[in-house]
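Notes to accompany the following structure.
Just the heavy atoms: all of them, side chains too, but no hydrogens, waters or symmetry mates, feed the values below. Atoms within a ligand are numbered from 1 in the order they appear, just like the ligands themselves.
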Amino acid sequence: MLDHLIIGFDKALRTVFAPARSIRPVPGDDLPEAALTDEERSDAAALMRVNHCGEICAQALYQGQAVMSRDPVIRRELEQASNEETEHLAWTEQRIAELGGRKSLLNPVWYGGAFALGMLAGKLGDRWNLGFLAETERQVEAHLSGHLARLPADDAKSREIVGQMKIDEARHAETAIGLGAHELPAPAKQLMKLMSRVMTVTAYRL
Ligand SMILES: [Fe+2]
Ligand SMILES: [Fe+2]
């Protein structure tokens, strides 16, 4: 347990402060940069900051989960999803830089909150933990659909990234369900929506 916590802390520092790496090529990396207005560019950068912040939280959730889960099969299965979240982190980070934006100043706070939530869900046992992950992934997928509608129409590079993330998140939800996730009660889902709303609205500005 202590070993896991130390590894977890090391990962936390790296997640928040070190650049993430991607094994897959960054989606849309070969596309040309569109001629965006200043307004469109800063809007796109802010939306990608929100998504980056969401990926920081995803890292924390999966890490909190890994600290708590005792089932080696579940841990191994979720590692693949967790690795893809690291790629999402790298993609959104690169895109923010290309758009001349910056990452959320509150990332350490979001990370800490999500890690605590992941551990809390883990304490309730694997099936609830998986239910929490599945619901998170579903909500992120819906959120990304919203961003595809909101991002500047010409910003194909950001759209490619968000589109691939959306596909990955849907698969992550399927993975968690396949591992035996419980369906969360409606009030829990509502509470999660409310919390992510606070995060997305805040991260758009900060
Ligand atoms: Fe993700
Ligand atoms: Fe995901």
Side-chain angles (χ1 to χ4, degrees), residues 11-12 14-16 18-29 44 46-69 74-97 103-104 107 110-111 113-115 117-119 121-122 126 128-148 150-151 157-181 183-184 189 192-193 195-197 199-200 203-204:
K11 276 192 177 172
R14 273 187 284 136
T15 300
V16 176
R21 285 172 208 283
S22 182
I23 298 159
R24 285 178 288 176
V26 181
D29 208 23
L47 292 172
M48 294 311 277
R49 172 164 63 242
V50 171
N51 293 331
H52 178 267
C53 187
E55 295 301 334
I56 289 273
C57 292
Q59 293 287 308
L61 282 183
Y62 275 98
Q63 281 161 26
Q65 194 294 321
V67 168
M68 295 309 292
S69 178
I74 293 179
R75 289 171 64 108
R76 196 179 51 238
E77 289 280 327
L78 291 180
E79 203 176 295
Q80 170 67 15
S82 170
N83 289 341
E84 288 182 3
E85 304 299 4
T86 308
E87 298 196 306
H88 297 171
L89 195 67
W91 302 346
T92 46
E93 191 170 299
Q94 173 176 322
R95 191 62 195 139
I96 291 170
K103 296 184 269 182
S104 172
N107 278 343
W110 303 126
Y111 187 96
F115 187 79
L117 267 182
M119 286 194 48
D126 281 334
W128 289 113
N129 193 359
L130 288 164
F132 176 62
L133 278 183
E135 178 59 19
T136 303
E137 296 287 3
R138 279 200 209 110
Q139 290 191 14
V140 174
E141 191 200 350
H143 157 87
L144 293 175
S145 297
H147 272 203
L148 284 175
R150 262 179 85 182
L151 276 166
K157 287 174 84 75
S158 298
R159 292 177 161 280
E160 283 287 317
I161 291 173
V162 171
Q164 184 58 51
M165 279 167 43
K166 186 171 169 305
I167 292 168
D168 292 347
E169 314 303 10
R171 199 175 51 247
H172 299 164
E174 291 305 316
T175 300
I177 292 163
L179 288 168
E183 183 82 17
L184 296 192
K189 292 182 184 177
M192 288 166 67
K193 280 192 184 140
M195 289 194 309
S196 56
R197 180 98 194 112
M199 186 277 273
T200 54
Y204 187 87

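Checked against side chain to side chain donor-acceptor pair (under 3.5 Å), R150 has no partners two or more places apart in sequence or in another chain. Residues forming a salt bridge (charged side-chain N to carboxylate O under 4.0 Å, His left out) with D168 (at least two apart in sequence, or on another chain): R24, R171. A search for ring pair (Phe, Tyr, Trp, His ring centres under 6.0 Å) contacts involving W128 returns H182, not counting sequence neighbours.
Nearest heavy atoms, V162 versus L144: CG1-O, 3.7 Å.
Excluding waters, the set of protein N, O or S atoms lying under 2.8 Å from the Fe ion (ligand 2) comprises E85 OE2, E137 OE1, E137 OE2, E169 OE1, H172 ND1.
With hydrogens and angles left out, the side-chain atoms of S82 and Q63 include no donor and acceptor closer than 3.5 Å.
Using a 4.0 Å cut-off between charged nitrogen and carboxylate oxygen, R138 and E135 count as a salt-bridge pair.
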